[in-house]
Trainee: 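Below are the structure tokens for one structure; questions will follow.
Heavy-atom basis, side chains included; hydrogens, waters and symmetry copies ignored. Lettering of chains follows the sequences in order, A, B, ..., and the numbering in each one begins at 1. Computed from a prediction, not measured in an experiment: that's the story for all the values here.
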2 protein chains.
Amino acid sequence: MVRSTISLDEVDRRILRVLQRDGRIAVTLLAEQVGLSATPCLRRIRRMEDAGVIARYTAVVEPARVGLPIQAFVQVALSSHAEEVASAFHKALAAREEVVAAYAMSGGMDYMLYVVAADFEAYADFALKALLRMPGVKETRSSFVLMALKPPGAVPV
Amino acid sequence: MVRSTISLDEVDRRILRVLQRDGRIAVTLLAEQVGLSATPCLRRIRRMEDAGVIARYTAVVEPARVGLPIQAFVQVALSSHAEEVASAFHKALAAREEVVAAYAMSGGMDYMLYVVAADFEAYADFALKALLRMPGVKETRSSFVLMALKPPGAVPV
DNA sequence: CCTGAAATTGCCGCTAA
DNA sequence: TTAGCGGCAATTTCAGG
């Protein structure tokens, strides 16, 4: 995955739409759907993979069905934004598997986390014993997911 | 994708870990990595697909590389929680492609959205002209993603 | 278009309730 | 003895040159 910027034409975008909908589709079928034969279609896919447009392929696992029904968004503010503090915090986040996604944010709170847990006890353990004790953490605010209206879906390309 | 609950053994969990890391891996290879032959491995995959444990497969597209560098989390509060208002709001959300994910939440704000846009103007158009005018919307609070520390990753199975 | 590899299916054997 | 699970082999379909 190289970091170059590439331009995408309408066919590339159609490929992306199909691959976001079904990441395991056979290239042969995909090619048909976008009006190409397999070879050039595969070339375009590889090109987008190499350019980092397609970061990876993944199976989308339903957390609730694998024993992780608690899902929360957690906003975190740090007390210091010194390089060492931030990078220690990043390292601490990376080490916790229940943190499925983490973003540095603009605005009042510095970070947004997406966290999964088996139950409230496990979540409380994470929030109180792990997160609040991570380097530089000043304040956290958790909101729990009640329902996914639109499960993480396709980027509009 | 049926809605039954199934139990997963350690082999199933290993399959899920591999498929989350590489959603396009060949079943043959996957089978090797989890210590099975292809046939039972594929059977387990199908079983998890049917049970909704694996919701789908997808290509993970980097928004910034397809011309959508603005990414925001938006919290939304509704002025009414009447059935009709909520469902009209859900419908309005569903119709907007820039809303990549949407959740009903506990706590102060009723919804959390993940939104992508081509630039601030497009984002402002969405926030001011679309979102604020959706049925029942009382208040919104946008935070912009500065950096993805941990890009949406694997659920710990 | 062609060749090797992968996906998928039918069938059989083993093991444990 | 039967339900559940794994493997082998044959067939169809796909990947990649």
Trainee: Just how far, in rounded Å, is P of C:dA6 from CG of B:L29?
Mentor: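 To the nearest whole Å, that distance equals 7 Å.
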Trainee: If you restrict it to nitrogen or oxygen atoms, what contacts under 3.5 Å exist between nucleotides 14-17 of chain C and the protein, and what is each distance?
Mentor:
none

Trainee: Do B:D22 and A:T58 come close enough that some side-chain heavy atom pair is under 4.5 Å?
Mentor: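 Side chain of B:D22 against side chain of A:T58, heavy atoms only: no contact under 4.5 Å found.
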Trainee: Let's see if you get this right: which residues in residues 11-25 of chain B place a heavy atom under 4.0 Å from DNA chain D?
Mentor: none
Trainee: Could you please name the option among D:dC14, D:dG16, C:dA7 that lies closest to any side-chain atom of A:R46?
Mentor: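 That would be D:dG16.
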Trainee: Nearest 0.5 Å please: distance from the CD atom of B:Q75 over to the OG atom of B:S142.
Mentor: 9.5 Å
Trainee: Applying side-chain contact (heavy atoms from CB on, under 4.5 Å) to A:V100 and A:V115, what does each step give before you reach the verdict?
Mentor: CA-CA 6 Å; A:V100 173; A:V115 175; over 6 Å; no
Trainee: Roughly how far, to the nearest 0.5 Å, is the CD1 atom of A:I54 from the CD atom of A:E49?
Mentor: 5.0 Å
Trainee: Quick check for you: to the nearest 0.5 Å, what is the distance between B:L36 atom CG and B:R43 atom CZ?
Mentor: 9.5 Å
Trainee: Is a side-chain N or O of B:R56 found less than 3.5 angstrom from the main chain of A:Q20, in a donor-acceptor match?
Mentor: yes
Trainee: What's the spacing between B:R44 CZ and B:C41 SG if we round to 0.5 Å?
Mentor: 8.5 Å
Trainee: Starting at CG of A:L131, measure out to CG of A:L113 and round the result to the nearest 0.5 Å.
Mentor: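 If we round to the nearest 0.5 Å, A:L131:CG and A:L113:CG are 6.0 Å apart.
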Trainee: How many whole angstroms separate atom CG of A:L30 from atom P of D:dT13?
Mentor: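 Rounding to the nearest Å, CG of A:L30 and P of D:dT13 are 18 Å apart.
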Trainee: Over how many whole Å does the gap from B:R47 atom CZ to D:dC5 atom P extend?
Mentor: 7 Å
Trainee: In a check of ring pair (Phe, Tyr, Trp, His ring centres under 6.0 Å) between A:F144 and each of A:Y114, A:F120, A:F73, which one passes?
Mentor: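 Looking at A:Y114, A:F120, A:F73, the match for A:F144 under the ring pair (Phe, Tyr, Trp, His ring centres under 6.0 Å) is A:F120.
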Trainee: Roughly how far, to the nearest 0.5 Å, is the OH atom of B:Y57 from the CD1 atom of A:I25?
Mentor: 14.0 Å
Trainee: Let me test you: for the helix from C:dC1-D:dG17 to C:dA17-D:dT1, what is the angle between the axes at its two ends (five pairs each), rounded to 10 degrees?
Mentor: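 Rounded value for the end-axis angle: 20°.
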Trainee: Can you check whether B:R44 has a side-chain N or O nearer than 4.0 Å to OP1 or OP2 of D:dG6?
Mentor: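 Yes, because at least one side-chain N or O of B:R44 sits under 4.0 Å from OP1 or OP2 of D:dG6.
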Trainee: Should the side chain of B:T39 and the base of C:dT8 be counted as holding a donor-acceptor pair, with the cut-off at 3.5 Å?
Mentor: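 Between C:dT8 and B:T39, which were checked side chain against base, a qualifying N/O pair under 3.5 Å is absent.
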Trainee: Can you tell which of A:R17, A:R46, A:R47 makes a salt bridge (Lys or Arg N to Asp or Glu O under 4.0 Å) with A:D12?
Mentor: A:R47
Trainee: Can you tell me the distance, in whole Å, between the CD atom of A:Q33 and the P atom of D:dC14?
Mentor: 12 Å
Trainee: In whole angstrom, what separates B:L42's CG from C:dA6's C1'?
Mentor: 11 Å
Trainee: Take the protein atom CD1 of A:I45 and the nucleotide atom P of D:dG17, then report the distance between them rounded to whole Å.
Mentor: 13 Å
Trainee: May I ask you to verify if any side-chain N or O of B:T28 is less than 4.0 angstrom from the OP1 or OP2 atom of C:dA5?
Mentor: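 False: B:T28 side-chain N/O out of range (4.0 Å or more) of C:dA5 OP1/OP2.
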Trainee: Grab the CZ-C1' distance between B:R43 and D:dA3 for me, whole Å please.
Mentor: 13 Å
